[in-house]
Number of protein chains: 2
Amino acid sequence: MTAHLDTCDRNDVYAAACPCREMLDLLANKWSALAIGAMESGPQRFGELRQTLDGISPKVLSATLKRLEGAGLVDREVFAEVPPRVEYSLTALGLSAADPLAALRDWVEDHVGDHATGSDSPA
Amino acid sequence: MTAHLDTCDRNDVYAAACPCREMLDLLANKWSALAIGAMESGPQRFGELRQTLDGISPKVLSATLKRLEGAGLVDREVFAEVPPRVEYSLTALGLSAADPLAALRDWVEDHVGDHATGSDSPA
DNA sequence: GGCACCTGCTACCCATCGGATACCATCGGG
DNA sequence: CCCGATGGTATCCGATGGGTAGCAGGTGCC
């Protein structure tokens with residue numbers, strides 16, 4: 001019943017054998033961070049995500065969404081219409097993960113271009 | 001193509017051509033997130049980081065630290081002693097990045113194992 | 001009737017990268 | 001003279017990201 005998490009009683013991301021390593025690897029990923037952010041505003045179709053996540057390929061988007069779905073962060077809903085429609089949305093868990101991810105994206109947008117290491121770039 | 005990045009006036013991580021994409025790719029990375037967290041408590045030697053970041057290989061640690069150094073997040077100091085000693089520490093920029101990263105690690109440690117989606121089969 | 005088309009996704013192929021292991025270089029000590 | 005410690009690099013290899021093409025299923029248009 002309970003998983004065999006003997007190696008990781010208290011969920012330490014610094015322990016290689018801890019399942020949270022996988023979760024960290026999933027979330028600490030460019031596309032995951034962007035995809036989750038894109039779904040904060042509500043369900044998104046595949047094509048919409050593909051446009052929002054500028055530069056992602058359909059294969060990678062599909063794989064990313066599958067991983068997020070497998071981790072319970074994203075819900076996938078298929079509408080048997082024509083043309084086929086699929087909507088991806090955040091689960092409650094995914095929604096809670098969106099906060100730290102948003103903080104990370106925010107930091108990046110805020111601090112990129114700083115890098116005042118002496119070799120000043122033409123900002 | 002990436003020569004003139006005037007396409008990104010306000011640093012949009014969702015724009016493929018924005019330099020913050022690279023920064024996001026750097027920070028949204030398992031090892032970077034762990035390494036920066038490990039250096040929050042002060043300068044760390046190579047071997048210390050290698051132990052703290054359980055499971056990392058020397059090559060990947062070296063590459064990660066170089067990328068972080070190149071982005072101005074980490075400072076590398078070599079002591080001309082014997083045996084050779086090298087210390088890695090966070091710059092002010094790196095220190096500011098440590099916060100959202102800590103939030104992410106914290107979320108992971110807090111929410112991994114949730115996934116109460118019913119399907120818990122190890123298959 | 002037939003063909004293009006729209007959407008979502010998968011298959012194939014390749015470059016890149018992560019990763020494990022071995023090795024290098026230096027110097028003191030035994 | 002070899003060993004040990006330290007901080008990496010070189011090399012090889014498998015995984016994985018990523019691009020392109022194509023498929024499926026139906027529907028409107030001509």
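First the proteins, then the strands, lettered A, B, ... as listed; each starts at 1.
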>> By nearest atom, which of the nucleotides C/dG8, D/dT9, D/dT6 is closest to the B/Pro58 side chain?
In response: D/dT9
>> Return the CG to CG distance between A/Leu73 and A/Leu68, rounded to the nearest 0.5 Å.
In response: 5.5 Å
> Starting at the 5' end of DNA chain C, which residue's closest nucleotide do you reach first, A/Arg76 or B/Asn29?
Replying inline: A/Arg76
>> Whole angstroms only, please: what is the CD-P distance between A/Glu22 and D/dT16?
In response: 11 Å
> Between A/Ser62 and C/dG8, does any side-chain N or O lie under 4.0 Å from OP1 or OP2?
Replying inline: no
> Atom CH2 of A/Trp31 to atom P of C/dC17: distance rounded to whole Å?
Replying inline: 15 Å
> D/dG17 phosphate, OP1 or OP2: any side-chain N/O from A/Arg67 under 4.0 angstrom?
Replying inline: yes
>> I need the A/Leu34 CG to B/Arg21 CZ distance, nearest 0.5 Å.
In response: 5.5 Å
> For A/Glu87 and A/Arg85, what are the C-alpha separation, side-chain angles and deciding distance, and is it a salt bridge (charged side-chain N to carboxylate O under 4.0 Å, His left out)?
Replying inline: CA-CA 7 Å; A/Glu87 277 188 358; A/Arg85 186 161 61 100; 2.9 Å; yes
>> From the set D/dT6, D/dG25, C/dC9, return the single nucleotide nearest to any side-chain atom of A/Tyr88.
In response: C/dC9
> How is B/Arg50 classified with respect to the nucleic acid when contacts are heavy atoms under 4.0 Å: base, sugar-phosphate, or nothing?
Replying inline: nothing
>> Rounded to whole Å, please give me the gap between NZ in B/Lys59 and C1' in D/dG7.
In response: 17 Å
> Short question: side chain of B/Tyr88, backbone of B/Glu77 - any donor-acceptor pair under 3.5 Å?
Replying inline: no
>> Whole angstroms only, please: what is the CD-C1' distance between B/Glu87 and D/dT6?
In response: 13 Å
> Rounded to the nearest Å, what distance is computed from the CG atom of residue B/Asp25 to the C1' atom of nucleotide C/dG18?
Replying inline: 13 Å
>> Expressed as a whole number of angstroms, how long is the span from A/Leu26:CG to D/dA15:P?
In response: 20 Å
> Looking only at side-chain N and O atoms, does B/Lys30 come under 4.0 Å of OP1 or OP2 in C/dG19?
Replying inline: yes
> Should B/Arg45 be listed as having a side-chain N or O under 4.0 Å from OP1 or OP2 of D/dG7?
Replying inline: yes
> Which whole-number value in Å describes the distance from B/Leu65 CG to D/dG7 C1'?
Replying inline: 11 Å
>> Heavy atoms only, 4.0 Å cut-off, all strands: where does B/Val60 land among base, sugar-phosphate and nothing?
In response: base
>> For A/Glu48, I'd like to know if atom CD has over 12 heavy atoms of other residues, nucleotides or ligands within 6.0 Å.
In response: yes
> Taking CZ from A/Phe79 and C1' from D/dG26, how many angstroms apart are they, rounded to a whole number?
Replying inline: 18 Å
>> Of the options D/dG7, C/dT10, D/dG25, whose atoms approach the side-chain atoms of A/Pro84 most closely?
In response: D/dG25
